[in-house]
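Structure, as structure tokens:
From a predicted model like this one, the values you see are computed outputs, not experimental measurements.
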Amino acid sequence: MSRLFLIALGALTIAGSPCLAQGLKPVEYRGMNIKTVVQSSNARTSTVFLLFFNPNEKPAEARNINCEFHQGERLVKKFTIARLTVRPGEGEYEAPEKLGAPFNRPICKVGKS
């Protein structure tokens with residue numbers, strides 16, 4: 001009886017995963033592009049574009065995208081994107097927040113942190 005329960009629980013766990021339940025391959029994070037507009041010697045705005053590749057024929061989700069921007073050892077900005085729908089193929093997606101302070105070390109990670 002307990003063996004049957006464990007098998008059923010394992011099947012439910014796999015079916016609960018969005019990619020595996022739909023038969024989707026995972027989305028790949030391929031880095032970022034940063035576009036900076038300098039308005040004056042002291043004012044600048046940077047827009048971050050995240051690059052993803054979706055090998056599936058249908059849209060898929062990237063979850064828990066954590067981005068940090070540092071100037072030396074000092075943290076300038078940090079944000080999290082809980083869920084992003086990625087279209088099939090390679091694409092660029094604008095981050096929801098812009099940066100007004102200078103930074104020299106951008107880091108973004110996808111998934112568990």
**OP:** With sequence neighbours left out, write down each residue that passes salt bridge (charged side-chain N to carboxylate O under 4.0 Å, His left out) with R83, or none if nothing qualifies.
**Re:**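 So R83 forms a salt bridge (charged side-chain N to carboxylate O under 4.0 Å, His left out) with E61.
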Original post:
With R105, which residues qualify under salt bridge (charged side-chain N to carboxylate O under 4.0 Å, His left out), at least two apart?
Top reply: none
Original post:
Does a side-chain heavy-atom distance below 4.5 Å link T36 with T45?
Top reply: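 The answer is no, as the side chains (C-beta and beyond) never meet within the 4.5 Å cut-off.
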For the backbone of [Y] and the side chain of [X], can you confirm whether one donor and one acceptor N or O come within less than 3.5 Å of each other?
X: N33; Y: V48; result: no
X: N54; Y: V86; result: yes
X: N66; Y: T80; result: no

Original post:
Taking H70 as the fixed residue, which of E68, R74, E73 is the one that meets the side chain to side chain contact (heavy atoms under 4.5 Å, CB included) rule?
Top reply: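 The option that passes is E68.
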Original post:
Tell me the disulfide (SG to SG under 2.5 Å) pairs involving residues 27-110, sequence neighbours left out?
Top reply: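 Passing the test, one end in residues 27-110: C67-C108.
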Subject >> Separation of M32 CE from T47 OG1 (nearest 0.5 Å) >> reply: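 Here the interatomic distance stands at 13.0 Å.
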**OP:** Find the distance between CG (N64) and CG (L84) and round it off to the nearest 0.5 Å.
**Re:** 11.5 Å
Original post:
How would you list, by chain and number, every residue that makes a side chain to side chain donor-acceptor pair (under 3.5 Å) with T85, sequence neighbours excluded?
Top reply: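 For T85, no residue satisfies side chain to side chain donor-acceptor pair (under 3.5 Å) once neighbours in sequence are set aside.
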**OP:** Report the residues that fulfil side chain to side chain donor-acceptor pair (under 3.5 Å) with R87, sequence neighbours left out, ordered by chain and then residue number.
**Re:** none
Minimum heavy-atom separation for [X] and [Y], please, with both atom names.
X: A62; Y: V27; value: CB-CG1, 4.5 Å
X: P26; Y: P55; value: O-CD, 3.5 Å
X: G72; Y: N104; value: N-OD1, 3.1 Å
X: N56; Y: P88; value: O-CB, 3.2 Å

Subject >> F79: ring pair (Phe, Tyr, Trp, His ring centres under 6.0 Å) partners, not counting sequence neighbours >> reply: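 F79: ring pair (Phe, Tyr, Trp, His ring centres under 6.0 Å) contacts with F69.
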Subject >> Set of residues satisfying ring pair (Phe, Tyr, Trp, His ring centres under 6.0 Å) with respect to Y93, sequence neighbours excluded >> reply: none
Original post:
With sequence neighbours left out, which residue pairs that include part of residues 36-63 fulfil the ring-ring contact (aromatic ring centres under 6.0 Å, His included) condition?
Top reply: Y29-F52
Subject >> Set of side chain to side chain contact (heavy atoms under 4.5 Å, CB included) partners for A82, sequence neighbours left out >> reply: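 If we apply the side chain to side chain contact (heavy atoms under 4.5 Å, CB included) test to A82, skipping adjacent residues, there are no hits.
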Subject >> salt bridge (charged side-chain N to carboxylate O under 4.0 Å, His left out): pairs with one or both residues in residues 38-60, sequence neighbours excluded >> reply: none
Subject >> Residue pairs fulfilling salt bridge (charged side-chain N to carboxylate O under 4.0 Å, His left out) with at least one residue in residues 92-102, sequence neighbours excluded >> reply: K35-E92, K77-E97, E94-K98
Subject >> Path from I34 to I65 over hydrophobic side-chain contacts below 4.5 Å >> reply: yes
